[in-house]
Amino acid sequence: QVQLVESGGGLVQAGGSLRLSCAASGRTFSDYPMAWFRQAPGKEREFVAAISWSGDTTRYADSVKGRFAISRENAKNTVYLQMNSLKPEDTALYFCAASRSGVFTTTLALYASWGQGTQVTVSS
């Protein structure tokens with residue numbers, strides 16, 4: 001199983017940017033499609049963005065399309081989430097996750113390994 005540690009969260013004003021990082025250890029990172037999810041207080045965890053093992057294919061939630069970009073550096077065992085034009089509704093705990101069995105998907109239940117999360121707070 002892959003162990004994941006997120007970083008890069010913080011407090012930012014609306015319209016600002018943040019870059020989240022997720023460092024992986026354990027099994028071969030490059031074997032796994034990766035994704036970012038987020039969970040706001042009182043809400044269910046939701047999909048944000050996903051990237052294939054090679055980085056050639058990405059998917060985004062409609063709410064972040066055009067503002068967020070997911071990328072990965074397999075040589076560094078790291079996946080990133082660049083977040084631009086942030087809005088107060090982006091405030092949440094952000095998690096990275098590794099897909100179970102190498103399946104590229106946006107479905108939360110198909111992700112087996114999770115980090116502890118990094119908090120993003122966007123003030124208006």
Side-chain angles (χ1 to χ4, degrees):
Q1 200 168 16
V2 178
Q3 290 77 47
L4 303 170
V5 178
E6 302 94 336
S7 62
L11 174 63
V12 64
Q13 288 189 330
S17 298
L18 283 174
R19 189 193 196 201
L20 305 184
S21 298
C22 173
S25 61
R27 298 189 66 179
T28 306
F29 173 74
S30 59
D31 288 347
Y32 294 90
M34 300 291 295
W36 288 93
F37 292 81
R38 66 186 182 187
Q39 188 166 17
K43 295 188 177 181
E44 294 187 351
R45 195 169 297 189
E46 65 176 5
F47 168 76
V48 175
I51 188 165
S52 63
W53 67 269
S54 66
D56 290 344
T57 303
T58 57
R59 293 288 186 273
Y60 296 94
D62 288 344
S63 59
V64 306
K65 204 171 291 183
R67 299 188 297 122
F68 290 12
I70 189 171
S71 61
R72 66 190 296 163
E73 287 189 76
N74 288 340
K76 295 185 177 180
N77 288 353
T78 303
V79 63
Y80 305 98
L81 185 67
Q82 178 67 43
M83 305 187 296
N84 300 326
S85 302
L86 282 161
K87 304 175 181 179
E89 51 263 45
D90 294 319
T91 294
L93 188 61
Y94 283 71
F95 299 88
C96 68
S99 170
R100 89 176 66 233
S101 302
V103 175
F104 179 69
T105 178
T106 63
T107 303
L108 184 149
L110 295 180
Y111 282 84
S113 299
W114 294 85
Q116 82 291 344
T118 185
Q119 179 66 40
V120 172
T121 302
V122 185
S123 63
S124 57

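All figures in this text were calculated on a predicted structure; none of them were measured in a lab.
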For Asp31 and Pro33 the tightest heavy-atom approach is O-CD, 3.7 Å
Looking at every non-hydrogen atom in both residues, tell me the closest pair between Ile51 and Phe104 and how far apart they are.
C-CE1, 3.4 Å
Atom pair CG (Asp90) and OG (Ser63), whose distance is rounded to the nearest 0.5 Å
7.0 Å
Separation between OH (Tyr94) and CG (Leu18), nearest 0.5 Å, reads 9.0 Å
Do any pairs count as a ring-ring contact (aromatic ring centres under 6.0 Å, His included) and have a residue in residues 64-92, sequence neighbours left out, and if so which ones?
none
State, to 0.1 Å, how close Gln119 and Leu93 come at their nearest heavy-atom pair, and which atoms those are.
N-CD1, 3.7 Å
Starting at CE of Met83, measure out to CZ of Arg19 and round the result to the nearest 0.5 Å.
11.5 Å
Measure the OG1-OH distance between Thr106 and Tyr60 for me, rounded to the nearest 0.5 Å.
13.5 Å
Considering all heavy atoms, the nearest Thr78-Ser21 contact
CG2-CB, 4.3 Å
Taking all non-hydrogen atoms of both residues into account, name the closest pair between Phe95 and Glu6 and its distance.
CA-OE2, 3.3 Å
Point-to-point distance, once rounded to the nearest 0.5 Å, from OG of Ser85 to CZ of Arg67:
7.0 Å
Is there side-chain contact between Asn84 and Ser17, with heavy atoms separated by less than 4.5 Å?
yes
Can you tell if the side chain of Arg38 reaches within under 4.5 Å of the side chain of Leu20, non-hydrogen atoms only?
no
Verify side chain to side chain contact (heavy atoms under 4.5 Å, CB included) between Trp114 and Arg45, making sure each step is shown before the conclusion.
CA-CA 12 Å; Trp114 294 85; Arg45 195 169 297 189; 3.3 Å; yes
Within 6.0 Å of CD in Glu44, more than 12 heavy atoms from elsewhere:
no
Measuring from Ser30:OG to Asn77:CG, what's the distance to the nearest 0.5 Å?
7.5 Å
Could you walk me through whether Val2 and Met34 pass the side chain to side chain contact (heavy atoms under 4.5 Å, CB included) check?
CA-CA 11 Å; Val2 178; Met34 300 291 295; 5.7 Å; no
Could you go through the side chain to side chain contact (heavy atoms under 4.5 Å, CB included) check for Val5 and Gln3 one step at a time?
CA-CA 7 Å; Val5 178; Gln3 290 77 47; over 6 Å; no
Any carboxylate oxygen within less than 4.0 angstrom of a Lys/Arg side-chain nitrogen, looking at Lys65 and Asp62?
yes
Using every non-hydrogen atom in the two residues, find where Ala97 and Leu4 come nearest and quote the distance to one decimal.
CA-CD1, 3.7 Å
